[in-house]
Amino acid sequence: MEKLYDFKEIEKKWQESWRASRIYEPNLDKPRKPFYNLMMFPYPSAEGLHVGNVYAFTGSDAYGRYQRMRGNDVFEPIGLDGFGIHSENYALKIGAHPIEQAERTEENFYRQLRAIGNGFAWDARVETYDPEYYRWTQWLFLQLFKRGLAERKKAAVNWCPSCKTVLADEQAEGGECERCGTQVVKKELEQWFFKITDYADRLLDGLQGIDWSERVKIAQRNWIGKSEGALLEFPTGQFSIKVFTTRPDTILGATYIVLAPEHPLIENQELRIKNQGEIKNYVEAAKRKTEQERLVEGKVKTGVELKGITAINPATGTEIPIWVADYVLAGYGTGAIMAVPAHDERDRAFAETFDLPISDAELLPAREVLRKTHGLRKTHYHLRDWLISRQRYWGPPIPIVYCDACGTVPVPEKDLPIKLPYIKDFRPTGTNESPLAADASFYKTTCPRCGHEARRETDVSDTFLDSAWYFLRYPDAHNGAEPFSKKRMKKWLPVNMYIGGAEHSVLHLLYARFITKVLHDAGHLRFDEPFTKFRAHGLIIKDGAKMSKSKGNVINPDEYVALYGADALRLYLMFLAPLEDGGDFRDSGMRGMAKFLNRVWQMFSRDAVSGSETEKLVHQAVKKVSEDIEALKFNTAISQLMILLNAFEKNGSTRESRETFLKLLAPFAPHITEELWHMALRNEASIHTSAWPIYDARLAAGETVEIGVQVDGKLRATVTLAPNAPENDARAAALADERVRKYVPDPSADGRIARVIYVPGRIINVITKTQ
RNA sequence: GCCCUCGUGGCGGAAUGGCAGACGCGCCAGCUUUAGGAGCUGGUCCCGAAAGGGGUAGAGGUUCAAAUCCUCUCGAGGGCACCA
């Protein structure tokens, strides 16, 4: 055997061998024990992967490799989410056309993904920009349309002035564009929406039955934002104003009404509002403000009273004034509130600013209020409908045709895909229209219904629609077969383990759950939660800061693969911390891992011994590594392997223990373990399809264990005992120790020892009476 | 403002009621004809010569026993946010 571990040669050799022997391609039709191990596919918004991607993929792969060795048919597909604004923005930045850009990056991303040695099922890969993929994204739109879940409506929507497109609520994080961080502005536009709000309750309830990171569940619950309350009517002369409140019981303290600036009643000419000019000025000023400006102004309340009209508090019969103020939002509830300054901080601040009465009235039971005022119980959600139109080029055209005679007509399914044409000037226009609106050969068409001249929808759909169903595509992706085949869906879905970034808590993960539920209701799927188990991996940071191109601290994995090998990089990343924690990348640690792997290599050039000094340790390692991988605590699994290697170097190792060691290391370092498995241990089949070792609990526990001896809670000595030694033996051993004797000189003396607490295998604590 | 995490050596972290600091990085000393960012051995929480004592952001509490559970304070990170 070679003296030095030549990772370059070995890693290349095995990557090619695995591909040729197809050991990572499960039989999709007849799996014995299917296990769908999914990771979020990368979105190319740069030339290639950064080390954070490699971190997530390696973690997922180590878990998948473990499951495979446990006898599961592991399906670990990969693809690229290269359709959409993220890739298009990158193309714009470097002055390339998205189509050429996609071709070039595809090659590089796949090269890098191969280089890290993951057990990917390459045959099943998908790219979201492939017409054979997005024909089904368009098909999905049609299914929602058919079920009344896709509708075109006018609404105040988020517009990113830099990306020149509208955005969904989820993508305008804190008033900033999710892609570029620019302040979004509100625009009143007619757009396509998916009615995700129809599913609010089911999206909430479904969280109870799935095994997800708790913080992701909480983020989804907060985002859906269910509030239960009541709809109450406050009559004015001619009309009545509906308000939503979660505190109907405070109605006696409602001393005025506030309308949002966008409230339709304000523009109603039949109301005799005396100060119309003043109101108009206020409303227009409020509408001009961005979300950010409204936020920054924060607690300073502004508003104007509607002079000449009043409302009646239906519980007290009192006449109360009506105000318009921008602290009330048009998009929530009814866009109108009953203000209760005695119970609500914001109402109090407003009342104090404008000297309005603050009535500290009694509470009435909600039931009584509803009866008395004829109010209705009502539930409101923070969740808004999913705005899916994008005024961009690089995405699936929305499959709709507008006909003067027939109106809005869906494209027949047989005509899909509506291919995205190559157009030279793909740049966003900023005119509320996609660049496709300038391409007559694209938008001019005939009506599928009446055959007359018609016009295509020129907006494309949100990139998050592409990724909302890709995991459903993988099992049927081979050779462009139709998706959602009953047979394969039943075998492989829902996904057994999904690992991905926490930043998708309310984006991708919410959309994917929604789309799954819709497909379930349409009879295409038997399940309605897509991911049985989800874990969010942590972030890899550099020098305490998130990696970003602007900071110039993005780590390209290529140089580390070249310098130390994929196995060393994998081990280093997995050793940093538990997968869910992430870690700070430092290259000094990489050398340590290369050293560790070299020591593993060297061990096999020494002769195996026949004794088994390390038997207990081997069994302990099997137990610990198995449990730690299940819990995604790869760092402690690897440390256990280091402990074992240290012991092997000190005491020698048997052939059997070396075999076990390699198997335990295989999920983390697939190449070197495969090489040694074949070359040193002379095995024929792959280590990655070998059986995961089992441990003997009795041997792992060992014949003796060292436990601490405390006197009055202070550690004074240690004694070696059988793990299950009876208390009398433990007590005798402890009291025989001379260091213990120092504190308990004559244990037989009457009453010197008040109590002994003994926890077998853990501790013995001698409590003296003087305590 | 509300909700959720989390504070342990020089660093990443381990221990989640039972011997604090596993494992690794870094550092220190030594070995090896070693001028390389190589390899090997030993050491490495603080005070102390030792015996011993102290120590997990801070203060209190529960317990035979607390990094771990409870209360408050301080600090960091994340989610939501004029959401009625």
Side-chain angles (χ1 to χ4, degrees), chain A residues 173-175 213-227 229-230 243-248 250 254 258 260 291 294-295 297-301 325-329 331-340 343-347 349-350 380-384 502-503 505-506 539 571-572 575-578 580-593 595-596 598-599 602 633 635-646 649 706-718 739 742 754-768 771:
Chain A
E173 299 164 346
S213 308
E214 198 53 33
R215 61 190 165 129
V216 174
K217 285 191 181 184
I218 289 164
Q220 291 213 355
R221 276 190 204 110
N222 284 345
W223 185 258
I224 294 166
K226 184 175 186 170
S227 330
V243 304
F244 173 71
T245 176
T246 53
R247 296 290 308 275
T250 63
V258 188
E291 294 263 298
R294 285 201 192 183
L295 259 171
E297 285 165 21
K299 304 259 163 353
V300 185
K301 297 279 182 288
D326 66 3
Y327 83 93
V328 174
L329 306 175
Y332 191 80
T334 60
I337 61 157
M338 63 173 204
V340 187
H343 288 278
D344 185 284
E345 248 181 79
R346 297 151 302 176
D347 294 344
F350 189 80
H380 261 287
Y381 300 89
H382 167 250
L383 183 70
R384 313 285 171 83
E503 69 275 19
S505 299
V506 292
L539 233 48
L571 270 171
Y572 168 67
F575 187 63
L576 280 174
E580 296 184 67
D581 290 3
D584 200 345
F585 188 92
R586 285 159 206 271
D587 33 2
S588 62
M590 288 274 317
R591 278 199 299 279
M593 278 307 167
K595 194 166 91 181
F596 170 72
N598 259 314
R599 282 167 53 206
Q602 296 301 328
K633 294 186 171 178
N635 55 331
T636 44
I638 293 166
S639 92
Q640 195 64 32
L641 291 171
M642 290 172 166
I643 291 167
L644 194 54
L645 181 67
N646 290 344
E649 287 180 345
E706 195 177 74
I707 71 168
V709 181
Q710 296 179 336
V711 178
D712 296 325
K714 286 220 176 273
L715 185 78
R716 298 301 180 189
T718 58
R739 282 158 300 178
K742 218 168 129 184
R755 222 177 132 191
V756 173
I757 287 130
Y758 171 56
V759 183
R762 294 278 188 190
I763 201 113
I764 180 161
N765 191 2
V766 180
I767 314 299
T768 68
Q771 184 66 12

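Note that the structure is a prediction, hence the values are computed from the model and not measured.
- Rounded to whole Å, the separation between the P atoms of rC46(B) and rG21(B) comes to 13 Å.
- Of the candidate nucleotides rA84(B), rC25(B), rC3(B), rA84(B) has the atom lying nearest to any side-chain atom of V328(A).
- OP1 or OP2 of rA84(B) has at least one side-chain nitrogen or oxygen of S227(A) nearer than 4.0 Å.
- For R762(A), the side-chain atoms get nearest to rG18(B) when compared with the rest of rG13(B), rC82(B), rG18(B).
- Pairing each heavy atom of L641(A) with each of F596(A), the nearest pair is O-CE1, 4.3 Å.
- Comparing rC19(B), rC80(B), rC23(B) against the side chain of F575(A) picks out rC23(B) as the nearest.
- When heavy atoms are screened at a 4.0 angstrom cut-off, K226(A) is found touching no nucleic acid atom at all.
- Within the 4.0 angstrom heavy-atom criterion, base atoms lie near I337(A).
- Nearest to the side-chain atoms of R716(A) among the listed nucleotides rG13(B), rG53(B), rG39(B) stands rG53(B).
- Base orientation of rG9(B): syn, since the glycosidic angle falls within 90° of 0.
- Residue-level contact check: R739(A) touches neither bases nor backbone, having no heavy atom under 4.0 Å from any strand.
- Looking at which nucleotide of RNA chain B each of V759(A) and Y381(A) is closest to, the 5′-most match is held by V759(A).
- As rounded to the nearest Å, rG60(B) and rU68(B) have P atoms that lie 14 Å from one another.
- Comparing the same atom, P, in rG53(B) and in rA66(B) gives a spacing of 15 Å after rounding to whole Å.
- Across the C1' atoms, rG61(B) and rA49(B) are found 39 Å apart, a figure rounded to whole Å.
- For L576(A), the side chain to side chain contact (heavy atoms under 4.5 Å, CB included) partners two or more places apart in sequence, or in a different chain, are I540(A), Y572(A), L573(A).
- Take D581(A) and apply the side chain to side chain donor-acceptor pair (under 3.5 Å) test, not counting sequence neighbours, and it matches no residue.
- Here the P atom of nucleotide rG54(B) and the CG atom of L715(A) are 13 Å apart, to the nearest Å.
- Residue K217(A) places none of its side-chain N or O atoms closer than 4.0 Å to OP1 or OP2 of rC3(B).
- A close approach under 4.0 Å does occur between a side-chain nitrogen or oxygen of K742(A) and OP1 or OP2 of rG52(B).
- Under the side chain to side chain contact (heavy atoms under 4.5 Å, CB included) criterion, A325(A) pairs with V258(A), Y282(A), Y327(A), F350(A), not counting sequence neighbours.
- Residue H382(A) has a polar side-chain atom (N or O) positioned under 4.0 Å from OP1 or OP2 of rA81(B).
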Only distances under 3.5 Å count here; give the side-chain donor-acceptor pairs of residues 760-767 of chain A to other protein atoms, sequence neighbours excluded, each with its distance to 0.1 Å.
{"from": "N765(A)", "atom 1": "OD1", "to": "G713(A)", "atom 2": "N", "distance (Å)": "3.0"}
{"from": "N765(A)", "atom 1": "ND2", "to": "Q710(A)", "atom 2": "OE1", "distance (Å)": "3.3"}

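- Considering every non-hydrogen atom in both G582(A) and A577(A), the closest pair reads O-CB, 3.3 Å.
- Between E345(A) atom CD and rA84(B) atom C1' there is a gap of 13 Å when expressed in whole angstrom units.
- Considering only heavy atoms from C-beta on, L571(A) comes within 4.5 Å of M593(A) through its side chain.
- For A336(A), the side chain to side chain contact (heavy atoms under 4.5 Å, CB included) test picks out I241(A), V243(A), L259(A), H263(A), T334(A), with sequence neighbours left out.
- A gap of 46 Å separates the C1' atoms of rC47(B) and rG1(B), to the nearest Å.
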Item to check | Dot-bracket pairing map - RNA chain B, Watson-Crick plus G-U, both contacts under 3.5 Å, | cross-strand | outcome: (((((((..(((.....[....)))((((((.......))))))(((....)))..(((((..]....))))))))))))....

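- Straight-line distance from the CG atom of L641(A) to the C1' atom of rA14(B): 15 Å, rounded to whole Å.
- Within the nucleic acid shown, K633(A) has no heavy atom closer than 4.0 Å to any nucleic acid atom.
- Note: CZ (R599(A)) to P (rU41(B)) measures 8 Å, nearest angstrom.
- Residue contacts shown for G592(A) are limited to sugar-phosphate atoms, with no base heavy atom under 4.0 Å away.
- Partners of T245(A) according to the side chain to side chain contact (heavy atoms under 4.5 Å, CB included) rule, which considers only residues two or more places apart in sequence or in another chain, are L232(A), R247(A), P248(A), M338(A).
- The existence of a salt bridge linking E580(A) and R215(A) is excluded, since no basic side-chain nitrogen approaches an acidic carboxylate oxygen closer than 4.0 Å.
- Every salt bridge (charged side-chain N to carboxylate O under 4.0 Å, His left out) that E649(A) has, sequence neighbours left out, goes to R599(A).
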Nucleotide N/O of nucleotides 5-10 of chain B paired with protein N/O under 3.5 Å:
none

Next on the checklist: For a side-chain contact (heavy atoms from CB on, under 4.5 Å) check, start with the C-alpha distance between F244(A) and I337(A), then their side-chain angles and the critical distance, and finish with the verdict.
Outcome noted: CA-CA 6 Å; F244(A) 173 71; I337(A) 61 157; over 6 Å; no

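- Of the side-chain N and O atoms in R591(A), one or more sit less than 4.0 angstrom from OP1 or OP2 of rG26(B).
- Glycosidic conformation of rA14(B): anti, with the torsion beyond 90° of 0.
- Across all strands shown, Q640(A) has no heavy atoms under 4.0 Å from either base or sugar-phosphate atoms.
- Rounded to whole angstrom, the span from the CD1 atom of I643(A) across to the P atom of rA15(B) amounts to 11 Å.
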Do any N or O atoms of the protein come closer than 3.5 Å to N or O atoms of nucleotides 60-66 of chain B, and which pairs are they?
{"from": "rC64(B)", "atom 1": "O2'", "to": "N765(A)", "atom 2": "ND2", "distance (Å)": "3.2"}
{"from": "rC64(B)", "atom 1": "O2", "to": "N765(A)", "atom 2": "ND2", "distance (Å)": "2.8"}

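- Taking atom P on both rG26(B) and rG78(B), the two are 30 Å apart, rounded to the nearest angstrom.
- Taking only side-chain atoms of M642(A), from C-beta outward, the nucleotide of rA84(B), rG24(B), rG13(B) with the closest atom is rG24(B).
- Spacing between rG58(B) and rC11(B) at atom P, rounded to whole Å, works out to 15 Å.
- Computed from coordinates, the N646(A) CG to rC23(B) P distance equals 7 Å when rounded to whole Å.
- Between the NE2 atom of H343(A) and the P atom of rA84(B) there is a distance of 16 Å, rounded to whole Å.
- Contact between P578(A) and N635(A) at its shortest, heavy atoms only, is CD-ND2, 3.4 Å.
- Distance check on atom P: rC28(B) versus rA14(B) gives 27 Å, rounded to whole Å.
- The CZ-P distance, from R586(A) to rC25(B), rounds to 14 Å in whole Å.
- Residues meeting the side chain to side chain donor-acceptor pair (under 3.5 Å) test with S227(A), sequence neighbours left out: Y332(A).
- Within 4.0 Å of D581(A), counting heavy atoms only, lies no atom of the nucleic acid at all.
- Here E706(A) pairs with nothing under the salt bridge (charged side-chain N to carboxylate O under 4.0 Å, His left out) rule; sequence neighbours left out.
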